[in-house]
Amino acid sequence: MSSTAFIEPLPVIEFVAQILGKDVISRPLSDADRIKIKRALRGVKVEVTHRGNVRRKYRISGLTSRPTHELIFPIDDQMNMKSVVEYFKEMYGFTIKHAHLPCLQVGNQKKANYLPMEACKIVEGQRYTKRLNEKQITSLLKVTCQRPRDQEMDTLQTVYQNGYEQDPYAKEFGINISDKLTSVEARVLPAPWLKYHENGKEKECLPQVGQWNMVNKKVINGSTVSHWACINFSRSVQESTARSFCHELAQMCHISGMEFNSEPVIPIYSARPEQVEKALKHVYNAALHKLKGKELELLLAILPDNNGSLYGDIKRICETDLGLISQCCLTKHVFKISKQYLANVSLKINVKMGGRNTVLLDAISWKIPLVSDIPTIIFGADVTHPETGEDSLPSIAAVVASQDWPEVTKYAGLVCAQAHRQELIQDLYKTWHDPQRGTVTGGMIRELLISFRKATGQKPLRIIFYRDGVSEGQFYQVLLYELDAIRKACASLEPNYQPPVTFVVVQKRHHTRLFANNHKDRSSTDKSGNILPGTVVDSKICHPTEFDFYLCSHAGIQGTSRPAHYHVLWDENNFTADEMQTLTNNLCYTYARCTRSVSVVPPAYYAHLAAFRARFYMEPEANEKNPSKSSRGNGCSVKPLPALKEKVKRVMFYC
C-alpha cells in the first residue's frame with residue numbers, strides 16, 4: 001500500500017492565497033509571486049464554475065504575464081479582437097471581479113485559451129507530485145508511519161475489503177488473489193567486525209542489532225586540522241556562545257582521534273546571511289594573510305535554523321570558488337550542545353578532511369572474497385531529477401569511487417549536469433576535439449580510475465559498480481550504455497586494459513515490505529518490531545531466473561523498514577549469491593556519517609548525497625528569466641556546473 005499527498009480541491013483564488021500566504025484580491029501580483037503561482041499550478045486540472053451545470057475540465061499550462069483587464073484575443077480569422085473581460089460578460093453573463101490578477105492559460109501553449117482564476121476550482125483527487133516542505137512531510141508521516149504489525153493488519157484489512165473473489169474483472173481474467181501474506185524463507189547475515197585505532201580502549205567492535213557508538217574508540221585514521229576559522233551567521237548566537245561551542249567541538253574532534261588545533265586562525269567573525277559571499281571571502285583572505293600564504297583548511301559556519309538559501313550558497317562558494325571544506329551547524333545545536341551531536345559532527349569533519357572513521361576488520365586482514373585478492377575499485381552512481389513541473393532545470397549525475405584498497409571506505413565524488421530527466425549518465429566517458437591536442441578523452445570513470453591509481457599506486461583489476469535510481473523498464477538500456485562507457489574509459493587508459501565488471505542496480509523505491517513471521521518473537525525482530533538488520537530474501541518474491549535479492553541492512557527506527565532491492569545485471573567477476581549479499585551487507589557498516597548500518601550500500605548513498613549537493617551549484621533562478629535556454633530534450637546543451645576545486649574533489653566533501 002502506498003500513501004501520498006493530494007491537492008486540496010479549492011477554488012483557485014483560495015489556493016493561490018494559500019501558496020503566497022497573503023490576500024491576493026486587493027493588490028496586483030509581483031513577478032516573484034507570479035512565478036511561484038505558475039510553478040504551483042502548472043499541470044493541475046481545474047473545472048470551470050461560471051457555466052452553471054457545465055463543469056468542463058482543463059489542465060493548466062501556464063499563467064498570463066499581463067493582468068486580465070489587459071488581455072485581448074482574436075475572435076475570428078479576420079483578427080478582430082475582443083477583451084477577455086467583455087467576452088465573459090457577453091458570452092456567459094459573468095462579471096470578472098478581480099481583473100488585476102493574471103488569467104490561467106489552459107490547454108496547449110500555442111493556442112491562447114484564457115480562464116479567469118475566479119471562474120475555476122481545482123478538480124479533486126489529484127496527486128501532489130512536487131516536493132513537500134518540512135511541516136507537510138511531518139504531518140504526512142504522522143498518518144502513514146506505522147509499526148510493522150499495524151501496517152500488516154491494514155494491508156490484510158484492505159485486501160479483505162477489496163473482495164477480489166467477488167470482483168467481476170478478476171473473474172473475467174482468471175486471476176485469483178490470496179488474502180494471506182506470502183511466506184518466504186530468509187536468513188540473517190551477521191554484522192562484520194569493525195576496526196578502530198590501536199590507541200583507543202576498544203580497538204575492535206562488533207555492532208549489535210545494526211548499531212554501535214564511539215565511546216572508548218578512536219577513528220582509525222584521524223585527520224589533522226591546524227588552521228580553521230568560524231563564521232557566525234546567526235543573530236541570536238552571542239560571540240561567547242559561539243566560542244564555547246567551537247571549543248567543545250575541537251575537544252570532541254581531539255577525543256575522537258583527530259589532531260585539532262583548539263584555537264581558530266582569526267577570531268570568530270559575525271556576518272549577515274545576505275552578505276554570505278563577502279563574509280566567506282573576507283575570512284578566507286584574512287586567514288591567508290595571517291598564515292602568510294598557507295591556506296585555511298576548514299571553515300565552521302553557524303547558521304540560523306531557518307536559513308533559506310544560505311546553506312547552499314556557502315557550499316557553492318566554498319567548493320567551487322574558494323576550494324574550502326566547510327562544516328555547517330544550526331543554531332539550535334549550538335545552544336543545546338549534546339555529546340552525541342558533537343561526536344556525529346566530528347565523524348563528518350574527519351572524512352571531509354581526508355581521514356577514515358573505521359574499516360572492516362576483514363578488509364585489513366585481506367579476507368573479503370572478490371575484493372581483497374586483487375586491487376578492486378567500487379563505484380556508486382546516481383542521477384537526481386528536478387521536481388515535477390521544473391521543466392527547465394537539468395538532471396544531475398554523480399559518481400563516486402573508492403580511493404583506498406584493501407579498505408574500500410574512502411570515496412571521491414564527481415558531479416555533472418545533463419539534459420532534463422535524462423536517466424543515462426552522459427559524462428561517464430566522453431571524447432572531444434581539441435585544436436592543439438586532437439581527440440581528447442575524459443569523463444568521470446576515467447578521472448576516478450586515474451585518481452585511484454594515484455592514491456593506491458595500483459590500477460584497479462576489478463570493478464564493482466552500484467547504480468542507484470533506475471526503474472525496471474530502463475535496466476538494460478542503462479546497462480548497455482553505461483557498461484560500454486566503463487569499457488571505453490578503461491581502454492582509453494591502456495589498449496588492453498579491460499578489468500572485469502560487476503554491475504548492480506540498487507532500488508529503494510518499491511512497495512515490497514517484509515514482516516517477521518511472528519511479531520511476538522523478540523529474537524526475530526529489533527526494538528521497533530522490524531525484521532533484523534542483515535535479513536536477506538532471494539527466493540519466491542525475486543526474479544525467477546536473474547540474480548537479485550532483497551536486503552534489509554538497517555535496524556528500524558520508526559515505521560516499517562523498507563528493504564533495498566539489489567539486482568545484479570552483469571557479473572564478470574562470478575560472485576556467488578552469498579558473496580554478493582555478504583559484501584553488500586558488510587559495506588553498509590562503513591557509512592561515514594553515523595555509527596549505524598545504513599539501508600542502502602554506502603557508494604550509492606554517497607552518490608546520492610553528491611548529486612543532491614550539486615543542486616546548490618546551479619545558478620539560482622537563471623532559468624525563469626530566460627526560458628529559451630532551457631535544457632529540454634537531449635539535443636540542446638546544458639549549462640555545465642561550476643567545477644569542483646581539486647582539493648575538494650579528493651575528499652568526501654558531500655558528507
Side-chain angles (χ1 to χ4, degrees), residues 1-7 9 45 123-129 140-188 388 468-476 504-521 524-526 528-554 556 558-569 577 581 599-600:
M1 292 206 301
S2 172
S3 306
T4 188
F6 288 86
I7 304 173
K45 264 194 189 154
V123 175
E124 80 171 338
Q126 295 181 79
R127 281 188 56 192
Y128 181 75
T129 53
L140 184 67
L141 284 177
K142 266 206 186 95
V143 184
T144 62
C145 184
Q146 291 177 299
R147 289 271 149 133
R149 57 190 314 165
D150 302 333
Q151 175 131 6
E152 187 180 324
M153 290 311 294
D154 262 17
T155 309
L156 289 168
Q157 183 61 33
T158 307
V159 171
Y160 174 73
Q161 274 168 358
N162 288 354
Y164 292 112
E165 56 282 351
Q166 275 88 52
D167 188 301
Y169 294 101
K171 264 205 186 70
E172 190 70 32
F173 282 90
I175 294 173
N176 295 309
I177 293 172
S178 162
D179 54 5
K180 294 184 180 57
L181 275 84
T182 304
S183 173
V184 293
E185 293 282 306
R187 45 199 201 106
V188 180
T388 325
D468 195 359
V470 184
S471 59
E472 228 167 317
Q474 291 190 299
F475 275 5
Y476 290 96
V504 189
V505 168
V506 190
Q507 288 170 305
K508 277 282 302 241
R509 295 193 169 184
H510 56 74
H511 292 291
T512 305
R513 298 293 178 272
L514 304 170
F515 300 100
N517 205 2
N518 173 5
H519 290 291
K520 293 196 181 72
D521 177 10
S524 67
T525 58
D526 62 20
S528 67
N530 277 292
I531 53 174
L532 293 170
T535 302
V536 170
V537 172
D538 60 7
S539 60
K540 221 171 186 181
I541 56 171
C542 292
H543 196 284
T545 57
E546 293 176 15
F547 183 176
D548 70 321
F549 57 92
Y550 286 95
L551 167 64
C552 179
S553 48
H554 65 299
Q558 52 178 176
T560 302
S561 296
R562 181 186 304 201
H565 183 235
Y566 295 90
H567 205 121
V568 182
L569 296 186
Q581 292 163 6
S599 64
V600 62

### Query
Going by heavy atoms in the side chains, are F515 and T560 under 4.5 Å from each other?
yes
Can you tell me how far [atom2] of [Y] sits from [atom1] of [X], rounded to the nearest 0.5 angstrom?
X: T144; Y: Q151; atom1: OG1; atom2: CD; result: 8.5 Å
X: L532; Y: T525; atom1: CG; atom2: OG1; result: 6.5 Å
X: I177; Y: D167; atom1: CD1; atom2: CG; result: 7.5 Å
X: M153; Y: R149; atom1: CE; atom2: CZ; result: 9.0 Å
X: L514; Y: E152; atom1: CG; atom2: CD; result: 11.0 Å
X: L141; Y: Q558; atom1: CG; atom2: CD; result: 7.0 Å

Mind checking side chain to side chain contact (heavy atoms under 4.5 Å, CB included) for [X] and listing every partner two or more places apart, or none if nothing turns up?
X: S471; value: Q474
X: D468; value: D382, V506, A604
X: S599; value: K508, H554
X: N517; value: none

### Query
Would you say N530's side chain and S561's backbone share a donor-acceptor pair under 3.5 angstrom?
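At least one qualifying donor-acceptor pair exists.
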### Query
Got a donor-acceptor contact below 3.5 angstrom from the D548 side chain to the H543 backbone?
yes
Can you list everything that forms a side-chain hydrogen bond (donor to acceptor under 3.5 Å, both in side chains) with [X]? Sequence neighbours excluded, please.
X: R187; value: D578, Q581
X: Y128; value: none
X: D154; value: Q146
X: Q507; value: H565

Got a sec, which residues hit ring pair (Phe, Tyr, Trp, His ring centres under 6.0 Å) with [X], two or more places apart in sequence or on another chain?
X: F549; answer: Y566
X: H510; answer: Y550
X: F475; answer: H567

Atom of [X], atom of [Y] and distance for their closest heavy-atom approach:
X: D526; Y: I531; value: OD2-O, 3.8 Å
X: K171; Y: Q166; value: NZ-CA, 4.0 Å
X: V188; Y: P533; value: CG1-O, 3.6 Å
X: G559; Y: P148; value: O-CD, 3.8 Å

### Task
Count the heavy atoms belonging to other residues, nucleotides or ligands that lie under 6.0 Å from CG of N176, then report whether that count exceeds 12.
no
### Over 12 foreign heavy atoms within 6.0 Å of CD, Q157
yes
Quiz: residues 178-185 side-chain donor-acceptor pairs under 3.5 angstrom, not counting sequence neighbours:
from : atom 1 : to   : atom 2 : distance (Å)
S178 : OG     : K180 : N      : 3.0
S178 : OG     : K180 : O      : 3.3

